[in-house]
Amino acid sequence: MLSKITVVGAGNVGATAAQRLAEKGLARSIVLVDVLEGVPQGKGLDLWQSAPIAGFDTRVVGANDYRPAAGSELVVVTAGIARKPGMSRDDLVRTNADIVKQVSQQIKQHCPDAIVIVVSNPLDVMCWVTKQVTGFPRERVLGMAGVLDTARYRAFLAEALNVSVADIQAMVLGGHGDTMVPLLSYTTVAGIPVTQLLDGASLERIVERTRNGGAEIVGYLKTGSAYYAPSAAVTEMAEAIVLDRKRILPCAAWVEGEYGVTGVYLGVPCKLGRRGIEQIIELRLASEESAALTQSAAAVRQTMAAVTL
(Lines give C-alpha, C1' and ligand atoms only; values in the text may rest on other atoms or scores of the structure.)
Protein backbone atom coordinates (compact mmCIF):
# COMPACT_ATOMS: atom_id res chain seq x y z
CA MET A 1 0.00 0.00 0.00
CA LEU A 2 1.15 3.53 -0.79
CA SER A 3 0.75 6.45 1.56
CA LYS A 4 -1.08 8.65 -0.97
CA ILE A 5 -2.48 8.52 -4.51
CA THR A 6 -3.81 11.62 -6.25
CA VAL A 7 -6.40 11.57 -9.03
CA VAL A 8 -6.58 14.81 -11.03
CA GLY A 9 -10.01 15.41 -12.51
CA ALA A 10 -13.24 14.55 -10.67
CA GLY A 11 -15.30 13.74 -13.75
CA ASN A 12 -16.67 10.29 -14.45
CA VAL A 13 -13.30 8.68 -15.20
CA GLY A 14 -11.48 10.32 -12.30
CA ALA A 15 -14.18 9.73 -9.69
CA THR A 16 -14.72 6.12 -10.74
CA ALA A 17 -10.96 5.51 -10.74
CA ALA A 18 -10.76 6.94 -7.22
CA GLN A 19 -13.53 4.57 -6.16
CA ARG A 20 -11.82 1.51 -7.64
CA LEU A 21 -8.43 2.47 -6.17
CA ALA A 22 -9.96 2.97 -2.73
CA GLU A 23 -11.85 -0.31 -2.85
CA LYS A 24 -8.62 -2.11 -3.79
CA GLY A 25 -6.93 -0.57 -0.74
CA LEU A 26 -3.92 0.58 -2.76
CA ALA A 27 -3.20 3.66 -0.62
CA ARG A 28 -3.88 5.00 2.86
CA SER A 29 -5.42 8.11 1.31
CA ILE A 30 -6.68 9.21 -2.08
CA VAL A 31 -6.87 12.88 -3.02
CA LEU A 32 -9.35 13.87 -5.73
CA VAL A 33 -8.37 17.22 -7.27
CA ASP A 34 -10.54 19.33 -9.58
CA VAL A 35 -10.88 23.03 -10.40
CA LEU A 36 -14.68 22.97 -9.94
CA GLU A 37 -15.39 24.20 -6.44
CA GLY A 38 -17.24 21.67 -4.31
CA VAL A 39 -17.23 18.83 -6.87
CA PRO A 40 -14.15 16.92 -5.66
CA GLN A 41 -15.09 17.61 -2.03
CA GLY A 42 -18.60 16.26 -2.53
CA LYS A 43 -17.52 13.19 -4.48
CA GLY A 44 -14.67 12.51 -2.06
CA LEU A 45 -17.03 12.68 0.90
CA ASP A 46 -19.52 10.41 -0.84
CA LEU A 47 -16.78 7.87 -1.56
CA TRP A 48 -15.52 7.99 2.03
CA GLN A 49 -19.03 7.39 3.33
CA SER A 50 -19.18 4.21 1.24
CA ALA A 51 -16.12 2.82 3.05
CA PRO A 52 -18.00 1.14 5.95
CA ILE A 53 -20.24 -0.66 3.43
CA ALA A 54 -17.61 -1.54 0.80
CA GLY A 55 -15.10 -2.45 3.51
CA PHE A 56 -12.10 -0.22 2.88
CA ASP A 57 -10.16 2.14 5.15
CA THR A 58 -8.63 4.33 2.46
CA ARG A 59 -9.47 7.94 3.31
CA VAL A 60 -10.82 9.82 0.27
CA VAL A 61 -10.69 13.62 0.25
CA GLY A 62 -11.44 16.26 -2.38
CA ALA A 63 -9.58 19.50 -3.06
CA ASN A 64 -9.38 22.42 -5.48
CA ASP A 65 -5.61 22.81 -5.09
CA TYR A 66 -2.62 20.52 -4.87
CA ARG A 67 -1.49 21.09 -1.30
CA PRO A 68 -3.32 17.99 0.01
CA ALA A 69 -1.68 16.02 -2.83
CA ALA A 70 1.85 16.83 -1.64
CA GLY A 71 4.08 13.80 -1.53
CA SER A 72 1.79 11.53 -3.55
CA GLU A 73 3.66 8.51 -4.85
CA LEU A 74 1.26 7.92 -7.73
CA VAL A 75 -0.75 10.49 -9.70
CA VAL A 76 -3.49 9.69 -12.21
CA VAL A 77 -4.25 12.53 -14.65
CA THR A 78 -7.75 12.54 -16.17
CA ALA A 79 -8.17 16.33 -16.55
CA GLY A 80 -9.24 17.77 -19.88
CA ILE A 81 -12.28 18.59 -21.98
CA ALA A 82 -14.21 16.59 -24.55
CA ARG A 83 -14.32 17.75 -28.15
CA LYS A 84 -17.16 20.23 -28.68
CA PRO A 85 -19.20 20.97 -31.82
CA GLY A 86 -17.22 23.15 -34.22
CA MET A 87 -13.93 22.42 -32.46
CA SER A 88 -11.15 21.10 -34.67
CA ARG A 89 -8.92 18.25 -33.52
CA ASP A 90 -5.98 20.67 -33.31
CA ASP A 91 -8.03 23.02 -31.12
CA LEU A 92 -8.83 20.13 -28.78
CA VAL A 93 -5.18 19.11 -28.64
CA ARG A 94 -4.04 22.64 -27.79
CA THR A 95 -6.74 23.18 -25.17
CA ASN A 96 -6.05 19.93 -23.36
CA ALA A 97 -2.30 20.44 -23.69
CA ASP A 98 -2.67 23.75 -21.83
CA ILE A 99 -4.70 22.01 -19.09
CA VAL A 100 -2.27 19.09 -18.76
CA LYS A 101 0.68 21.51 -18.79
CA GLN A 102 -0.74 23.32 -15.75
CA VAL A 103 -1.45 20.01 -14.02
CA SER A 104 2.08 18.80 -14.76
CA GLN A 105 3.60 21.95 -13.26
CA GLN A 106 1.69 21.27 -10.04
CA ILE A 107 2.76 17.62 -10.03
CA LYS A 108 6.40 18.64 -10.46
CA GLN A 109 6.11 21.06 -7.54
CA HIS A 110 4.08 18.98 -5.09
CA CYS A 111 4.78 15.36 -6.10
CA PRO A 112 8.35 15.35 -7.43
CA ASP A 113 8.89 11.63 -6.88
CA ALA A 114 5.55 10.42 -8.24
CA ILE A 115 4.83 7.93 -10.99
CA VAL A 116 2.27 9.51 -13.34
CA ILE A 117 -0.40 7.61 -15.28
CA VAL A 118 -1.93 9.86 -17.94
CA VAL A 119 -5.50 9.23 -19.13
CA SER A 120 -6.31 12.62 -20.71
CA ASN A 121 -6.84 12.68 -24.48
CA PRO A 122 -5.30 12.77 -27.03
CA LEU A 123 -3.52 10.26 -24.80
CA ASP A 124 -0.15 9.86 -26.47
CA VAL A 125 0.40 13.61 -26.88
CA MET A 126 -0.73 14.38 -23.33
CA CYS A 127 1.86 11.87 -22.05
CA TRP A 128 4.52 13.79 -23.96
CA VAL A 129 3.34 17.10 -22.51
CA THR A 130 3.49 15.62 -19.00
CA LYS A 131 6.99 14.23 -19.51
CA GLN A 132 8.30 17.47 -21.00
CA VAL A 133 6.86 19.72 -18.29
CA THR A 134 7.68 17.55 -15.27
CA GLY A 135 11.09 16.51 -16.54
CA PHE A 136 10.46 13.07 -15.04
CA PRO A 137 12.26 10.07 -16.58
CA ARG A 138 10.31 7.92 -18.99
CA GLU A 139 9.95 5.18 -16.38
CA ARG A 140 7.70 7.46 -14.34
CA VAL A 141 5.37 8.89 -17.03
CA LEU A 142 3.14 6.41 -18.83
CA GLY A 143 -0.25 6.41 -20.47
CA MET A 144 -3.38 4.32 -20.09
CA ALA A 145 -4.63 3.25 -23.49
CA GLY A 146 -3.39 -0.19 -24.42
CA VAL A 147 -4.99 -1.87 -21.40
CA LEU A 148 -8.34 -0.32 -22.30
CA ASP A 149 -8.08 -1.07 -26.03
CA THR A 150 -6.99 -4.64 -25.26
CA ALA A 151 -9.93 -5.10 -22.89
CA ARG A 152 -12.34 -4.01 -25.61
CA TYR A 153 -10.68 -6.34 -28.11
CA ARG A 154 -10.84 -9.28 -25.66
CA ALA A 155 -14.48 -8.54 -24.80
CA PHE A 156 -15.52 -8.51 -28.46
CA LEU A 157 -13.61 -11.73 -29.15
CA ALA A 158 -15.18 -13.47 -26.15
CA GLU A 159 -18.60 -12.35 -27.34
CA ALA A 160 -18.01 -13.62 -30.88
CA LEU A 161 -16.69 -16.98 -29.68
CA ASN A 162 -19.07 -17.37 -26.72
CA VAL A 163 -16.18 -18.08 -24.35
CA SER A 164 -14.92 -16.59 -21.09
CA VAL A 165 -12.98 -13.34 -21.34
CA ALA A 166 -10.43 -14.99 -19.02
CA ASP A 167 -9.42 -17.34 -21.85
CA ILE A 168 -8.65 -14.56 -24.34
CA GLN A 169 -4.97 -13.58 -24.40
CA ALA A 170 -4.32 -10.55 -26.58
CA MET A 171 -2.51 -7.23 -26.86
CA VAL A 172 -3.25 -3.97 -28.66
CA LEU A 173 -0.29 -1.69 -29.39
CA GLY A 174 0.20 1.69 -31.08
CA GLY A 175 -1.51 5.02 -30.61
CA HIS A 176 -4.84 5.38 -28.86
CA GLY A 177 -7.13 5.97 -31.81
CA ASP A 178 -7.78 4.93 -35.38
CA THR A 179 -4.21 3.69 -35.86
CA MET A 180 -4.09 1.26 -32.91
CA VAL A 181 -2.63 -2.14 -33.75
CA PRO A 182 -4.37 -5.27 -32.39
CA LEU A 183 -1.81 -8.07 -32.70
CA LEU A 184 -3.58 -10.97 -34.40
CA SER A 185 -0.35 -12.97 -34.37
CA TYR A 186 -0.34 -12.88 -30.56
CA THR A 187 -4.07 -13.41 -30.01
CA THR A 188 -4.99 -16.79 -28.56
CA VAL A 189 -7.97 -18.45 -26.88
CA ALA A 190 -6.77 -20.77 -24.10
CA GLY A 191 -3.55 -21.03 -26.09
CA ILE A 192 -5.27 -21.70 -29.44
CA PRO A 193 -4.43 -19.16 -32.19
CA VAL A 194 -7.54 -17.09 -32.82
CA THR A 195 -7.06 -17.52 -36.57
CA GLN A 196 -8.02 -21.19 -36.09
CA LEU A 197 -11.33 -20.18 -34.52
CA LEU A 198 -12.49 -17.15 -36.53
CA ASP A 199 -12.25 -16.35 -40.23
CA GLY A 200 -10.42 -13.32 -41.52
CA ALA A 201 -13.54 -11.26 -42.19
CA SER A 202 -14.86 -11.80 -38.66
CA LEU A 203 -11.52 -10.84 -37.15
CA GLU A 204 -11.33 -7.70 -39.26
CA ARG A 205 -14.79 -6.64 -38.06
CA ILE A 206 -13.69 -7.14 -34.45
CA VAL A 207 -10.48 -5.17 -35.02
CA GLU A 208 -12.48 -2.31 -36.58
CA ARG A 209 -14.97 -2.34 -33.70
CA THR A 210 -12.06 -2.19 -31.25
CA ARG A 211 -10.64 0.87 -33.01
CA ASN A 212 -14.04 2.54 -32.75
CA GLY A 213 -14.76 1.27 -29.24
CA GLY A 214 -14.85 4.67 -27.59
CA ALA A 215 -16.84 6.31 -30.39
CA GLU A 216 -19.44 3.54 -30.22
CA ILE A 217 -20.09 4.33 -26.57
CA VAL A 218 -20.20 8.08 -27.21
CA GLY A 219 -22.77 7.39 -29.92
CA TYR A 220 -25.05 5.78 -27.36
CA LEU A 221 -24.46 8.25 -24.52
CA LYS A 222 -24.70 11.38 -26.73
CA THR A 223 -23.33 13.74 -24.05
CA GLY A 224 -20.70 11.57 -22.37
CA SER A 225 -17.99 9.00 -22.93
CA ALA A 226 -16.74 5.73 -21.46
CA TYR A 227 -15.59 5.60 -17.85
CA TYR A 228 -16.22 2.14 -16.36
CA ALA A 229 -13.66 0.39 -18.58
CA PRO A 230 -11.13 3.27 -18.56
CA SER A 231 -11.18 3.46 -14.75
CA ALA A 232 -10.78 -0.32 -14.53
CA ALA A 233 -7.78 -0.09 -16.87
CA VAL A 234 -6.17 2.63 -14.73
CA THR A 235 -6.67 0.51 -11.63
CA GLU A 236 -5.07 -2.56 -13.20
CA MET A 237 -1.98 -0.49 -14.04
CA ALA A 238 -1.90 1.14 -10.60
CA GLU A 239 -2.21 -2.21 -8.86
CA ALA A 240 0.71 -3.61 -10.89
CA ILE A 241 2.84 -0.63 -9.81
CA VAL A 242 1.80 -0.41 -6.16
CA LEU A 243 2.08 -4.16 -5.51
CA ASP A 244 5.25 -4.48 -7.63
CA ARG A 245 3.58 -7.28 -9.58
CA LYS A 246 5.82 -7.11 -12.68
CA ARG A 247 2.73 -7.34 -14.91
CA ILE A 248 3.34 -7.10 -18.66
CA LEU A 249 0.69 -4.71 -19.93
CA PRO A 250 0.40 -2.57 -23.07
CA CYS A 251 1.04 1.04 -22.04
CA ALA A 252 1.84 4.31 -23.78
CA ALA A 253 5.59 4.67 -23.22
CA TRP A 254 8.29 7.02 -24.50
CA VAL A 255 10.21 4.92 -27.00
CA GLU A 256 13.91 5.43 -27.61
CA GLY A 257 14.61 3.06 -30.48
CA GLU A 258 12.28 0.23 -29.51
CA TYR A 259 10.38 -1.10 -32.53
CA GLY A 260 12.52 1.18 -34.68
CA VAL A 261 10.78 4.31 -33.34
CA THR A 262 12.31 7.18 -31.35
CA GLY A 263 10.99 10.31 -29.65
CA VAL A 264 7.27 9.62 -29.37
CA TYR A 265 4.80 8.01 -26.97
CA LEU A 266 3.56 4.71 -28.33
CA GLY A 267 1.59 1.76 -26.98
CA VAL A 268 4.08 -1.06 -26.34
CA PRO A 269 4.27 -4.02 -23.94
CA CYS A 270 5.70 -2.82 -20.61
CA LYS A 271 6.70 -4.59 -17.42
CA LEU A 272 5.13 -2.57 -14.60
CA GLY A 273 6.49 -2.60 -11.07
CA ARG A 274 7.24 -0.33 -8.14
CA ARG A 275 9.57 1.83 -10.24
CA GLY A 276 6.97 2.34 -12.97
CA ILE A 277 8.00 1.05 -16.39
CA GLU A 278 10.77 -1.42 -15.59
CA GLN A 279 11.18 -2.83 -19.10
CA ILE A 280 9.79 -2.39 -22.59
CA ILE A 281 9.30 -5.78 -24.22
CA GLU A 282 10.16 -5.95 -27.94
CA LEU A 283 8.06 -8.55 -29.73
CA ARG A 284 8.74 -10.09 -33.11
CA LEU A 285 5.91 -8.66 -35.16
CA ALA A 286 4.48 -9.78 -38.47
CA SER A 287 5.57 -7.44 -41.27
CA GLU A 288 2.11 -5.87 -41.60
CA GLU A 289 1.93 -5.33 -37.82
CA SER A 290 5.34 -3.67 -37.80
CA ALA A 291 4.34 -1.39 -40.66
CA ALA A 292 1.10 -0.49 -38.89
CA LEU A 293 2.97 0.36 -35.69
CA THR A 294 5.34 2.65 -37.62
CA GLN A 295 2.33 4.33 -39.23
CA SER A 296 0.70 4.75 -35.81
CA ALA A 297 3.83 6.46 -34.47
CA ALA A 298 3.81 8.85 -37.43
CA ALA A 299 0.19 9.78 -36.68
CA VAL A 300 1.08 10.54 -33.04
CA ARG A 301 4.00 12.68 -34.14
CA GLN A 302 1.75 14.63 -36.49
CA THR A 303 -0.62 15.42 -33.61
CA MET A 304 2.34 16.47 -31.43
CA ALA A 305 3.18 19.08 -34.04
CA ALA A 306 0.00 20.99 -33.17
CA VAL A 307 1.29 21.67 -29.64
CA THR A 308 3.80 24.32 -28.62
CA LEU A 309 5.30 24.00 -25.13
Side-chain angles (χ1 to χ4, degrees), residues 20 123-124 142-221 225-237 239-240 245-253 255 258-261 266-272 279-297 299-300:
R20 294 187 189 275
L123 187 280
D124 310 281
L142 60 157
M144 187 291 294
V147 174
L148 171 62
D149 296 331
T150 300
R152 288 171 171 161
Y153 180 46
R154 290 173 63 199
F156 298 150
L157 285 169
E159 186 178 19
L161 291 164
N162 193 28
V163 301
S164 168
V165 292
D167 285 333
I168 308 290
Q169 295 81 42
M171 194 167 289
V172 177
L173 305 186
H176 183 49
D178 297 341
T179 62
M180 68 178 70
V181 186
L183 300 182
L184 289 175
S185 64
Y186 285 90
T187 303
T188 61
V189 184
I192 304 165
V194 74
T195 51
Q196 293 185 22
L197 302 173
L198 286 172
D199 60 68
S202 297
L203 285 170
E204 184 53 42
R205 283 194 296 271
I206 289 171
V207 165
E208 193 60 29
R209 190 179 180 193
T210 300
R211 290 187 174 127
N212 295 316
E216 183 178 357
I217 291 171
V218 169
Y220 282 118
L221 296 178
S225 57
Y227 56 95
Y228 292 121
S231 63
V234 168
T235 304
E236 183 173 49
M237 293 171 66
E239 185 176 40
R245 296 191 65 190
K246 314 298 186 187
R247 292 287 308 279
I248 296 177
L249 299 171
C251 308
V255 289
E258 293 88 358
Y259 294 94
V261 180
L266 193 63
V268 290
C270 298
K271 182 192 292 183
L272 296 189
Q279 183 184 355
I280 293 176
I281 311 293
E282 289 199 71
L283 305 173
R284 294 180 181 176
L285 302 181
S287 58
E288 60 271 21
E289 292 169 342
S290 181
L293 196 61
T294 301
Q295 181 183 354
S296 188
V300 173

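All residue numbers refer to positions in the sequence shown, counting from 1.
Side-chain contact between Glu258 and Val268 is absent, with no heavy-atom pair separated by less than 4.5 Å. Counting heavy atoms from C-beta outward, Ser225 and Ile217 have side chains that stay 4.5 Å or more apart. Counting heavy atoms from C-beta outward, Val181 and Leu285 have side chains that stay 4.5 Å or more apart.
Between His176 and Asp149, the side chains place a donor N or O and an acceptor N or O closer than 3.5 Å (distance only, hydrogens not considered). A side-chain donor-acceptor contact under 3.5 Å links Tyr153 and Thr187. Counting only N and O atoms by type, the side chains of Asp167 and Ser164 include no donor and acceptor under 3.5 Å apart. One side chain, Glu289 or Ser185, offers a donor N or O that lies under 3.5 Å from an acceptor on the other.
With Leu293 as the partner, the side chain to side chain contact (heavy atoms under 4.5 Å, CB included) test is satisfied by one option alone out of Leu183, Thr179, Leu266: Leu266.
Between Arg247 and Glu236 there is a salt bridge, since a side-chain N of the basic residue sits under 4.0 Å from a carboxylate O of the acidic one.
Here Glu216 contributes atom CD and Arg152 contributes atom CZ; the two are 9.0 Å apart, rounded to the nearest 0.5 Å.
Residue Val194 comes nearest to Leu157 through the heavy atom pair CG2-CD2, 4.1 Å, listed as atom of the first residue, atom of the second, then distance.
Within 6.0 Å of CD on Glu204 lie more than 12 heavy atoms contributed by other residues, nucleotides or ligands.
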